[in-house]
2 protein chains.
Amino acid sequence: MGSDRLLVIGAGPAGLEAARLAASLGSQVLVVEKRDVAGGMPIHENYAALTHGFRDAGEAMAELIGAVTSHPNVELRTSTEVTAVEGSVGEFTVTLSSGTGDDTVEAGAIILATGFQHFDPGRETQQYGYYEFPDVITLADAEAMLKAHNFVRPSNGEVPERVAFIQCVGSRDRQIGNEFCSKVCCGISSKQAIEVRQQVPDARVFIFYIDMRMYGYWENEIYWPAQEQYRVNYVKGIVTEILSKNGRLLVRGEDTTMGRPMEVPMDIVVLAVGMEPSLGTRKMAEMLGVATNKYGYIETPHGELDTVATSVPGVFAVGAATGPADLDDSISSAGAAAAKAVALLRGAEVTV
Amino acid sequence: MGSDRLLVIGAGPAGLEAARLAASLGSQVLVVEKRDVAGGMPIHENYAALTHGFRDAGEAMAELIGAVTSHPNVELRTSTEVTAVEGSVGEFTVTLSSGTGDDTVEAGAIILATGFQHFDPGRETQQYGYYEFPDVITLADAEAMLKAHNFVRPSNGEVPERVAFIQCVGSRDRQIGNEFCSKVCCGISSKQAIEVRQQVPDARVFIFYIDMRMYGYWENEIYWPAQEQYRVNYVKGIVTEILSKNGRLLVRGEDTTMGRPMEVPMDIVVLAVGMEPSLGTRKMAEMLGVATNKYGYIETPHGELDTVATSVPGVFAVGAATGPADLDDSISSAGAAAAKAVALLRGAEVTV
């Protein structure tokens, strides 16, 4: 009666880490990924270097994927979606759909590692001209350009002389309903600013921010090198609109330190788009009946002392499926969920 | 040959969680705590409510302690110190000292959960008058007063009319060598500001900050309620000195939003002291030979994809032993370390 298999939904960093550890603990693990490749956002969106360690993202993820796919206890199915779930803890029956048809599997526990998507900077506000001006890009676009060592103006292929990052696009914004801070964008923008300066040494790089949330070690690991070694210009300011003028972008707003209007020409503007729950996170939450918060992220209702249990026994959530998370958060929570899920599958009573 | 026992050093939240999960996974766990009670800082320093969930800290920790002490696989030894370690992964020999004498135990793996200590606000700088004025207290002092529902002026027992929090005391400070951000003080100060307003509804509460790092959900869970529901006054400003005048404290500095000097009377000033590695963290790191960073925290040299492995095989570090960490970080990393340590004890090869 019941299944001792663990189902992990999503093969990004958190899902892979959970699968790897659960397999190391002796459990049989099935990882289901709807995309055709594993690796999640770092692979899908061509991240250049990891934040905060500046390690090559492709190489790091390849190692993690390799550890999972080479483990005899793990089966990884890509291009596969979960289309139905029945049953409860210890005996979930899960329908999987792929190009080769439907399949049904049993699982005793489920880890949701379905992650986030980037805020669409064209949604509800056109102020930044993302869909109007090719040289207005997002953090994700910039990652891919930096990874390819091809950080040029999309409009004309020229090397930029002036690059601006604009923080808090789609975060800390009540008008669009995202009051939360996306946590990682300050660090990722600063990391990218360093990479731009490394790849395009003659470019001037500006970061327009409300405040820089360089928590913990990000302060000394990323922020100070950006300021001192790479001469990134941090400007406390609010950008109200982006225009096109004489073949360049014109960033308009207010320098709030000086308390004066600003109007500065730029060649590339990078919008530091925040996190939102992915479509997969929303769909899986609904299908499994796990409680979500008003933003659509999966709730972990037991508080600080249990970061991974959801409202449904036997279903755990990790990484950015539960809210804004950095890579360290995702990896740590994945490990915690692996431990709890495996203990549960072995009949241990795991309480908060 | 070798031992399948896990030794956890430190019985704070991270150590207890690691012990609980490792035991749930079937391992034999010995937890060693040098203090005479388990529970770590939340118990030792009488935390009132947890940040971010506002759950009663004593109650929450009692549950966690109960889960550990009632588990047949766990032995908890308080008032016991680790005084020597020999051997290596799979076969550490550990000398324990307590009031009843010395004892030697074998362990296959070790989890360091030795935590942090608060920055001493009298160290290297007298500007805040912590040792001079009884009404200048720290976040830790304030927790104990709030827990006792006795938030009064230490100098005379009067209910305060005006209370100020001063952020970044001992953090983000190059002069004292702590460039890092302590990560949690913004959230804890805001939580305490709410508690002060709940317990002393007539008090006005001010938070003097450089910037408020209310990352992730802390923005909507703590910051906005503090601003809107509890009318906490956030003042962007730098405090340069605290004086005593007419039986009150006088806070002097600059309101940086207005760009003007400020001089405001207060009844209680709470210094938001940052984190530093505890003495136990420093001692255990040295005894075990694990690499530390320049602040004395234990390094996790494998980067974002392994948040708990140290430079010494078989030795893991969790929570604030590795750097500034909130409670969620501590609990998640504890779970990850439990999974890795148990897998290691069972002979699994756990690589990054």
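First the proteins, then the strands, lettered A, B, ... as listed; each starts at 1.
Only the side chain of B/K236 comes within less than 4.5 Å of a heavy atom in chain A; its backbone stays farther off. There is no contact between B/M275 and chain A, counting heavy-atom distances below 4.5 Å. For A/T51, the part lying under 4.5 angstrom from a heavy atom of chain B is the backbone only. Contacts of B/T322 with chain A are made by backbone atoms alone, with heavy-atom separations under 4.5 Å and no side-chain atom involved. At a 4.5 Å heavy-atom cutoff, the contact between B/D328 and chain A is made by backbone and side-chain atoms alike. For chain A, no part of B/T300 is nearby; none of its heavy atoms comes within less than 4.5 Å.
The contact list for residues 217-224 of chain B toward chain A, using heavy atoms and a distance under 4.5 Å, reads B/Y217, B/E219, B/N220, B/W224 by residue number.
The choice from B/E179, B/M61, B/M214 that makes the most heavy-atom pairs within less than 4.5 Å of chain A is B/M214. Here A/N293 is the residue among A/N293, A/V308, A/D326 with the most heavy-atom pairs under 4.5 Å with chain B.
The two atoms that bring B/R213 and A/Y215 nearest to each other are NH1-N, 4.3 Å, heavy atoms only. When every heavy atom of A/L305 is checked against every heavy atom of B/E17, the shortest pair comes out as O-OE1, 4.2 Å. The shortest non-hydrogen separation linking B/I331 to A/D306 is CG2-N, 4.4 Å. Smallest separation of non-hydrogen atoms from A/L25 and B/A339: CD2-O, 3.6 Å.
With A/T307 as the fixed residue, the side-chain contact (heavy atoms from CB on, under 4.5 Å) test singles out one of B/S333, B/S330, B/S332: B/S332.
In the displayed structure, A/R260 atom CZ is contacted under 6.0 Å by at most 12 heavy atoms of other residues, nucleotides or ligands.
By the 4.0 Å N-to-carboxylate-O rule, A/E304 lies too far from B/K191 to be salt-bridged with it.
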